[in-house]
Amino acid sequence: QVQLAESGGGLVQAGGSLRLSCAASGRTFSRYAMGWFRQAPGKEREFVAAISWSGDSTYYIDSVKGRFTISRDNAKNTVWLQMSSVKPEDTAVYYCAASESQRAKDTSWYDRTWYVYWGQGTQVTVSS
């Protein structure tokens, strides 16, 4: 089992940058595929980015490609989401998630049901 804690959210102007962190408990962090999701008011929680167990593969929703970067350090039990050139539509609560599956289909990374552990979320607000 793993516990996740996000940090780094806040208020940022459009065009600015923000880095979200997700700290995981436990000593087997490298066994978890990690993802970031977000949920805006009145909307469904949506996939943002994911990273494989070793960090050699990353996945992004089209709307953040080229602007956001997901990374991880298994020695530090941490995954980050570097957000650049942010837009007002990036405003949402951002959640870190972990999947304990050791195999992934092509669609797994984008499927929130594939992730079983979730953090409490951190608010990101982008002002125009």
Side-chain angles (χ1 to χ4, degrees):
Q1 189 170 357
V2 63
Q3 293 183 327
L4 306 172
E6 303 95 336
S7 62
L11 176 64
V12 60
Q13 287 189 331
S17 298
L18 206 60
R19 188 174 82 155
L20 306 183
S21 299
C22 174
S25 65
R27 297 180 292 176
T28 57
F29 180 66
S30 61
R31 291 182 56 83
Y32 296 94
M34 301 298 297
W36 285 96
F37 287 73
R38 66 187 180 188
Q39 188 167 18
K43 294 188 176 182
E44 294 286 321
R45 189 171 300 188
E46 68 170 355
F47 169 82
V48 177
I51 189 165
S52 62
W53 304 267
S54 64
D56 57 354
S57 297
T58 56
Y59 309 84
Y60 299 93
I61 191 174
D62 285 347
S63 60
V64 309
K65 284 181 180 177
R67 300 190 298 121
F68 292 9
T69 302
I70 188 171
S71 60
R72 69 188 294 165
D73 185 332
N74 287 342
K76 296 182 178 179
N77 283 15
T78 303
V79 61
W80 296 276
L81 184 69
Q82 177 67 47
M83 306 169 63
S84 303
S85 302
V86 295
K87 304 175 181 179
E89 51 263 44
D90 294 323
T91 295
V93 177
Y94 282 71
Y95 297 90
C96 175
S99 172
E100 57 187 1
S101 295
Q102 297 306 300
R103 293 183 180 181
K105 299 184 293 185
D106 288 346
T107 56
S108 297
W109 307 98
Y110 313 91
D111 181 359
R112 64 182 181 180
T113 66
W114 191 60
Y115 300 86
V116 295
Y117 302 108
W118 293 84
Q120 293 299 308
T122 185
Q123 176 70 48
V124 172
T125 302
V126 182
S127 62
S128 57

When you check the gap from the basic side-chain N to the acidic O, do Lys65 and Asp62 get nearer than 4.0 Å? yes

Any side-chain to backbone donor/acceptor pair from Thr122 onto Gly9? Under 3.5 Å, distance only. yes

Applying ring pair (Phe, Tyr, Trp, His ring centres under 6.0 Å), can you list everything that pairs with Phe68, at least two apart in sequence or on another chain? none

State whether a side-chain donor-acceptor pair under 3.5 Å links Asp111 with Thr107. no

Applying salt bridge (charged side-chain N to carboxylate O under 4.0 Å, His left out), can you list everything that pairs with Arg72, at least two apart in sequence or on another chain? none

For Gln120, look at atom CD and say whether over 12 heavy atoms of other residues, nucleotides or ligands are found less than 6.0 Å away. no

Name the residue from Val79, Ile51, Ile61, Val64 that meets the side-chain contact (heavy atoms from CB on, under 4.5 Å) definition with Trp36. Val79

Measure the spacing between CE of Met34 and OG1 of Thr78 and express it to the nearest 0.5 Å. 9.0 Å

Are Trp53 and Ser30 close enough, and set up right, to give a side-chain contact (heavy atoms from CB on, under 4.5 Å), and what steps lead you there? CA-CA 5 Å; Trp53 304 267; Ser30 61; 5.9 Å; no

Working to the nearest 0.5 angstrom, can you tell me the gap between Leu4 CG and Tyr32 OH? 9.0 Å

Closest non-hydrogen atom pair, Arg67 against Ser85: NH1-O, 2.9 Å

Check the surroundings of atom CG in Asp106: do more than 12 heavy atoms from other residues, nucleotides or ligands lie under 6.0 Å from it? no

Flag yes if more than 12 heavy atoms outside Arg31 fall under 6.0 Å of its CZ atom; otherwise flag no. no

Starting from the C-alpha separation in whole Å, work towards a yes-or-no answer on side-chain contact (heavy atoms from CB on, under 4.5 Å) for Glu46 and Phe37. CA-CA 5 Å; Glu46 68 170 355; Phe37 287 73; 5.8 Å; no

Salt bridge (charged side-chain N to carboxylate O under 4.0 Å, His left out) for Arg38 and Asp90? Distances and angles first, verdict last. CA-CA 9 Å; Arg38 66 187 180 188; Asp90 294 323; 2.9 Å; yes

Partners passing ring pair (Phe, Tyr, Trp, His ring centres under 6.0 Å) against Tyr59 (at least two apart in sequence or in another chain): Trp109

Which pairs, with at least one residue in residues 1-14 and sequence neighbours excluded, count as a side-chain hydrogen bond (donor to acceptor under 3.5 Å, both in side chains)? none

Pairs satisfying disulfide bond (SG atoms under 2.5 Å apart), at least one member in residues 5-109, at least two apart: Cys22-Cys96

Does the Thr91 side chain pair with the main chain of Val126, one donor and one acceptor, at a distance under 3.5 Å? yes

Do we see a donor-acceptor contact under 3.5 Å between the side chains of Glu100 and Tyr117? yes

Residues passing the salt bridge (charged side-chain N to carboxylate O under 4.0 Å, His left out) test with Arg112, sequence neighbours excluded, are Glu44

Quick one: do Ile70 and Trp80 satisfy side-chain contact (heavy atoms from CB on, under 4.5 Å)? Show the steps, please. CA-CA 6 Å; Ile70 188 171; Trp80 296 276; over 6 Å; no

